[in-house]
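These numbers come from a predicted model, not from an experiment. Per chain, numbering begins at 1; letters A, B, ... match sequence-line order.
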Number of protein chains: 2
Amino acid sequence: MTGTKFDRTQFEQPSLTVDIVVFAMREGALHLLVIERGIPPFEGCWALPGGFVLPRESVDQAAARELEEETNLRDVYLEQLYTFSEPERDPRGRVVSVAHMALLPADRVDQVQGGSDARAAKFERLPASIERIEPADGRSTVGKSKRKREESEGYFAFDHDVIVATALARLRGKLEFTTLAFELLPEEFTLTEAQHVYEAILGRELDKVTFRRRLLAMELVRETPRMRRGAHRPARLYRAAPRASVWL
Amino acid sequence: MTGTKFDRTQFEQPSLTVDIVVFAMREGALHLLVIERGIPPFEGCWALPGGFVLPRESVDQAAARELEEETNLRDVYLEQLYTFSEPERDPRGRVVSVAHMALLPADRVDQVQGGSDARAAKFERLPASIERIEPADGRSTVGKSKRKREESEGYFAFDHDVIVATALARLRGKLEFTTLAFELLPEEFTLTEAQHVYEAILGRELDKVTFRRRLLAMELVRETPRMRRGAHRPARLYRAAPRASVWL
DNA sequence: GTAACTTAGTTGCATACTGCAACTAAGTCA
DNA sequence: TGACTTAGTTGCAGTATGCAACTAAGTTAC
């Protein structure tokens, strides 16, 4: 903004909120954290955790705070996604929401408890219908015809289906060039477990040999002396390589 | 946002603005559109075009409108980038800005004229110092120590240097998996011209053979019957393949 | 007119990466 | 002890990549 004319009271300002898409692996499938709405509008639909941005915090801080207040989760991977701002996206008034994405390691899904605000936070399997929703990543929405939100169109309240689709698209896009997937795994994991995470996110099967070769060749994982013992042959445990925390 | 308690007047709401990073190629180098500030704070520094979001428009519409008002540009590639919201980012008050990135074809740089608001919009070569600024893409800012903006730290006003660094990082990241680079070229271009755009953005030289092979093999470009005639051997003109408009 | 120069564009090859099939390894269970 | 399941490796053919050397087509100097 150039600020050649700066008058903050010049316009009625929209409300600013954050919404958070929390992904986690459960039973081998990708799940997300939703809160079932108890009141209209969209009563009974799934909504994302979130809330208002306070006057002295950044939107990213607001996302972290709301996540902790509503789900008891701290110190999880959290990244800003996209800002949703269609004037009609919330029938109650003008609300602009900065969507975030959080990734919860599989061994921490039990830490989630309904907090001060969110009554029934629960993990639900990502519905297949999400694939048919066009994500708002990048250019998509700029100049797109806005769709007015009617009630009872599907699982999700408001435009939260688009937010989830956008989060999934972002996760997929970053998967091959970052080490984001490890954020969904426990500290130590087998390569087969890692492969299952990739497959769940991408929605297709991967070749075992190629997958292992790449992870090892790029030194994204480090061998540990430990093994995971189960019903059959024990599997080597690995951990994410230190520098590999996010970017490739 | 779950909306279990919805009261829009509950909090003082920040001002909502947009800022736009307009990239264009000039003299073989990547340039960006800046407006030299005429008043404090940051008098004499470069600022990005932008302005307030109006009550009945989305932030993306606001970006398109401001771009046209301030620079006379319509129908250019425009994508939403990232939202900047540090409480101290603007010394005049709490302002949250949704940054956008625009790409202007090389043959349209002359269309830019100072509009209703922006007095001295001009293209400047991307300063090399931008490479040292950490972009705010993805996780970077979440939980990062915010740096309070002092005047006279460099070229840019406010946190606009971070916005530009973020735009550049996004452009680089998308370059290899999308056809974004063609948005900076005229409708018809030679493969050498295309290569120069890639090189300018990535900041390193590419192999001619590999570059041409990839573009052709992926069918990202279509041959035209025309040639570009210049001082030496004429070069075949191509255009972006129709489906290749953005994604790979 | 021709030789030098510059830019456009191709050919050839050694190397690396990928997808697929088949194999071996190490455990459990009946 | 042998069938079964999951872990992990080997081999190979096809493809993509990086580099060097080459040919092609124009302009300019004399």
Side-chain angles (χ1 to χ4, degrees), chain A residues 25 27-29 106 172 175-179 181-182 185-186 188-200 202-241 244 248, chain B residues 25 27-29 106 172 175-179 181-182 185-186 188-200 202-241 244 248:
Chain A
M25 289 294 293
E27 295 151 19
R172 281 182 179 161
L175 204 56
E176 307 177 69
F177 311 102
T178 67
T179 55
F182 299 151
L185 288 164
E188 301 198 344
F189 50 85
T190 70
L191 296 189
T192 302
E193 288 166 357
Q195 185 175 344
H196 288 332
V197 171
Y198 275 77
E199 290 174 338
L202 294 174
R204 62 185 168 88
E205 303 210 326
L206 299 174
D207 178 65
K208 180 172 56 165
V209 182
T210 312
F211 182 80
R212 304 172 74 89
R213 251 189 320 215
R214 287 188 58 170
L215 253 57
L216 271 337
M218 304 176 97
E219 297 186 302
L220 301 182
V221 291
R222 264 196 345 209
E223 208 175 285
T224 75
R226 288 169 290 285
M227 308 289 280
R228 168 100 69 222
R229 319 204 140 265
H232 299 287
R233 175 173 172 176
R236 173 70 57 189
L237 283 168
Y238 294 81
R239 37 175 67 226
L248 212 136
Chain B
M25 289 295 291
E27 296 151 19
R172 282 181 179 161
L175 204 57
E176 307 177 70
F177 312 101
T178 68
T179 55
F182 300 151
L185 288 164
E188 301 198 344
F189 51 85
T190 70
L191 295 189
T192 301
E193 289 166 355
Q195 186 176 341
H196 288 332
V197 171
Y198 275 78
E199 290 174 337
L202 294 174
R204 62 186 167 89
E205 303 210 327
L206 301 175
D207 179 65
K208 180 171 58 164
V209 182
T210 311
F211 182 80
R212 305 173 74 91
R213 252 190 320 217
R214 285 188 59 168
L215 253 55
L216 271 338
M218 302 177 98
E219 295 185 302
L220 301 182
V221 291
R222 263 192 350 205
E223 208 177 285
T224 76
R226 286 169 291 284
M227 308 289 279
R228 168 101 67 223
R229 319 202 140 267
H232 299 285
R233 174 173 171 175
R236 172 71 57 192
L237 284 168
Y238 293 82
R239 37 174 65 225
L248 210 135

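- OP1 or OP2 of D/dG8 has at least one side-chain nitrogen or oxygen of A/Arg212 nearer than 4.0 Å.
- The shortest distance between side-chain heavy atoms of B/Arg236 and B/Thr190 does not fall below 4.5 Å.
- Between the CG atom of A/Leu206 and the C1' atom of C/dC17 there is a distance of 16 Å, rounded to whole Å.
- Nearest to the side-chain atoms of B/Thr210 among the listed nucleotides C/dA21, D/dG18, D/dA20 stands D/dG18.
- Looking at heavy-atom distances under 4.0 Å, A/Thr192 makes contact with sugar-phosphate atoms alone, never a base.
- Donor-acceptor pairing under 3.5 Å, judged by distance alone, is absent between the side chain of A/His232 and the base of D/dT6.
- The NZ atom of B/Lys208 sits 11 Å away from the C1' atom of D/dT23 (whole-angstrom rounding).
- Look at CG on B/Leu191: it is 9 Å from C1' on C/dG9, rounded to the nearest Å.
- A salt bridge links A/Glu188 with A/Arg226; the closest basic N to acidic carboxylate O contact falls under 4.0 Å.
- Relative ring orientation between B/Tyr198 and B/Phe182 is described as perpendicular, the plane-to-plane angle rising above 60° on a 0-90° scale split at 30° and 60°.
- When rounded to the nearest whole Å, the span between CZ of A/Phe211 and P of D/dT6 equals 18 Å.
- Counting any heavy atom pair closer than 4.0 Å across all strands shown, B/Arg236 reaches sugar-phosphate atoms only and no base atom.
- Taking 4.0 Å as the cut-off between side-chain N and carboxylate O, B/Arg239 and B/Glu223 do not count as a salt-bridged pair.
- For B/Arg213 and D/dG18, a side-chain-to-base donor-acceptor distance below 3.5 Å is present, hydrogens and geometry of angles not being considered.
- If you measure from atom CG of B/Asp207 to atom C1' of D/dA16, you get 13 Å, rounded to the nearest angstrom.
- With hydrogens and angles ignored, the 3.5 Å screen pairs a side-chain donor or acceptor of B/Thr224 with a backbone N or O of B/Leu237.
- For the pair B/Gln195 CD and C/dT7 P, the interatomic distance rounds to 13 Å; values are reported in whole Å.
- In this structure, CZ of B/Arg214 is placed 13 Å from C1' of D/dT15, rounded to the nearest angstrom.
- Following rounding to the nearest Å, B/Leu216 (CG) and D/dT17 (P) show an atom-to-atom distance of 13 Å.
- At a cut-off of 3.5 angstrom, the base of C/dA26 holds no donor-acceptor pair with the side chain of A/Arg233.
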